[in-house]
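Source: prediction; values computed, not measured.
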Amino acid sequence: MERSLMKGNEALAEAAIRAGCKCFFGYPITPQTELSAYMAKRMHKAGGVFLQAESEIAAINMVLGAASTGVRAMTSSSSPGVSLKSEGISYLAGSDVPALIINVQRGGPGLGGIQPSQADYWQATRAMGHGDFHVLVFAPCSVQEMVDMVVKAFDTADKYRIPAMILADGLLGQMMEPVSFPEINPDSVDKSSWAACGHGNKREHHVINSLYLQANELEDKVNERFKRYEIIKENETDAELYLTDDCDILVCAYGASARIVKSAVNSAREAGIKAGMFRPKTLWPFPVKELNKACKNASELLCVEMSKGQMIDDVKLAINCSKPVSFFGRTGGVIPTPVEVLEQIKKIGGKI
Amino acid sequence: MTTEILLAGFGGQGVLFAGKVLAYCGLMDSKKLSWLPSYGPEMRGGTANCSVCISDEPIGSPLVLTPDILIAMNGPSYDKFINSVKSGGKAFIDSTLVDAKSDRTDIDCFYIPSTEIADGNDLKGGSNMVLLGKLIKETGIFNYDTIQKAIEKVVPASKMHLIENNLKAIKLGMNY
């Protein structure tokens, strides 16, 4: 397979086109803009639609409209722009419409900064909009994984009729790495049972809607959705376990942080400290079983994030607070260094 | 082993382009590699820099803080990064634009009047490639054939005439 060199943002776009995405709606924002620019250049040649909307809110609602017809549709943005999309994402979830949203995170809150960050973990996994719902959240840590996860996200979203998000960050979006595109067959999920794709007077029309004024009816809807969530939790978790079989200290990190942690874990091993790494590839559903397996022999966990500590909540919940979990993070766009993480590992190692 | 390279200079000097050439060299030689540009406010008028990692193993953090190899194309970049070079590392400095000389004895500093060389050979803007030529000669990280293939890959088809100029500048650097 031929390797080419691509920026993460461009690889996300190319992968989406290859995965059969036919509609892209977006609004530029650093550090995600190359994704929109790539789509502007390529999408029409691939027989799809690229449209730069007048705002992020318009873009997500265009996604809702397009995806309602059963085509693969997506939008992308960075943190402040994703906040603007949250209403539309809630509508997607409430209407059971699958679509892809990409967040190339930057520092916040507010306009924040434009450097890489992981401070939107809570937003992505807890509160991607109002109401009782979840979106699938994938967390790539390399340009190749960005490609693979776009395909996976579209397929899984279609399978369960649920919006999916790729939670990346400015570092992954801006960096170039070798990447290869596997032969992609866009999953041919049959959407004819629900999509509003024209009926030619041959069947009842399909209604895409998230409004249910009867409380019982809405409760039934939400309950049905949560049954689906249980199936997703059972079947769709994914994680990387690195040197976890014999580890004393398990370091948990996702996305770009995990790259830094892996370097630190390798250095710790060289220094005789039995460290390992747990890297969730899906943040929702969180890989609970995988984490419990990874920390079986560990006496302490360390969570490393580019935030003030958000994923650490899921780590504690997943192990039911059965072991001590400490935290190290940098925020505001500052990227932690392998040396800093190694110091934390050594500190914990000294106690054990 | 991972070789960490930091390239720094003014926006417009071709810092990111030179980094891309190195990254493509890694691709040509089937190495693991990463290329990370600065994309903050500094690239709008101030110093631009880019991190390139070349390795046989998977690359952890793509951000280079303590380079094995530094290319410094202007004074502010030299001042900012010269002391971050790893002991035993190498620095390649455009001495047309950087007056300072480092007193570090634990690294090899190469002062090349690369802007002057490029301008004198009718290769305006080729300072980056002159430095790159010197870099591959002194470090042996890639050979000329690899860099030739890389440049052919990086230069867009619409600017084919630039390939020759870039290669000429590389050779000038190698022979300096």
Side-chain angles (χ1 to χ4, degrees), chain A residues 2-9 30-34 78 104 106-107 113-116 141-145 169-180 240 242 253 255-267 277 279 304 306 330 332-342, chain B residues 1-7 15-44 46 48-67 84 86 146 149-156 158:
Chain A
E2 202 194 316
R3 296 198 314 165
S4 54
L5 212 48
M6 268 178 131
K7 273 193 165 191
N9 284 333
T30 305
Q32 162 279 159
T33 300
E34 292 86 359
S78 179
V104 182
R106 59 189 247 182
I114 59 172
Q115 299 299 327
C141 86
S142 67
V143 177
Q144 184 63 54
E145 220 172 52
D169 62 70
L171 188 131
L172 294 169
Q174 291 295 325
M175 72 185 285
M176 282 203 305
E177 275 186 318
V179 66
S180 53
E240 179 192 354
Y242 181 68
S257 297
R259 300 179 68 110
I260 293 146
V261 164
K262 207 176 220 177
S263 299
V265 163
N266 287 336
S267 305
M277 180 182 79
R279 175 174 74 90
V304 176
M306 291 193 281
R330 299 296 302 264
V334 181
I335 300 165
T337 67
V339 174
E340 285 174 333
V341 177
L342 179 62
Chain B
M1 202 196 86
T2 302
T3 306
E4 298 187 296
I5 308 164
L6 187 66
L7 305 98
V15 167
L16 301 188
F17 179 82
K20 254 186 212 180
V21 171
L22 284 173
Y24 271 94
C25 284
L27 190 73
M28 297 300 145
D29 283 2
S30 299
K31 300 269 190 189
K32 302 274 194 294
L33 68 99
S34 65
W35 174 93
L36 179 72
S38 58
Y39 64 91
E42 69 272 21
M43 67 181 277
R44 291 161 177 96
N49 66 70
C50 104
S51 299
V52 177
C53 299
I54 310 279
S55 185
D56 295 317
E57 286 121 45
I59 289 156
S61 176
L63 182 67
V64 173
L65 299 166
T66 53
S84 68
K86 269 188 210 123
T146 301
K149 273 190 257 166
I151 286 175
E152 282 166 5
K153 198 96 181 171
V154 186
V155 175
S158 58

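Counting heavy-atom pairs closer than 4.5 Å to chain B, the top residue among C141(A), S4(A), P338(A), G170(A) is G170(A). No other option in N266(A), L171(A), V143(A) has as many heavy-atom pairs under 4.5 Å with chain B as L171(A). Across I260(A), I335(A), T337(A), the residue that shares the most heavy-atom pairs under 4.5 angstrom with chain B is I260(A). Each of A264(A), G333(A), P116(A), G8(A) has some count of heavy-atom pairs under 4.5 Å with chain B, and the biggest count is that of P116(A).
Put simply, the side chain of R330(A) reaches to within 4.5 Å of the side chain of E340(A), judged on heavy atoms. Counting only heavy atoms from C-beta outward, the side chains of L63(B) and S51(B) approach each other to under 4.5 Å.
The interface of residues 26-33 of chain B with chain A, defined by heavy-atom distances below 4.5 Å, comprises G26(B), L27(B), S30(B), K31(B), L33(B).
Here the side chain of S180(A) pairs no donor or acceptor atom with the backbone of R3(A) at under 3.5 angstrom. No donor-acceptor pair closer than 3.5 Å links the side chain of E177(A) to the backbone N or O of L5(A). In terms of modelled atom types and a separation under 3.5 Å, the side chain of R259(A) and the main chain of I59(B) share a donor-acceptor contact.
At least one test fails for K149(B) against the ring of Y24(B): distance under 6.0 Å to the centre or angle within 45° of the axis.
Closest of all the heavy-atom pairs between G60(B) and S263(A) is CA-OG, 3.3 Å.
Salt-bridge check for R279(A) with E145(A): passed, with a basic side-chain N closer than 4.0 Å to an acidic carboxylate O.
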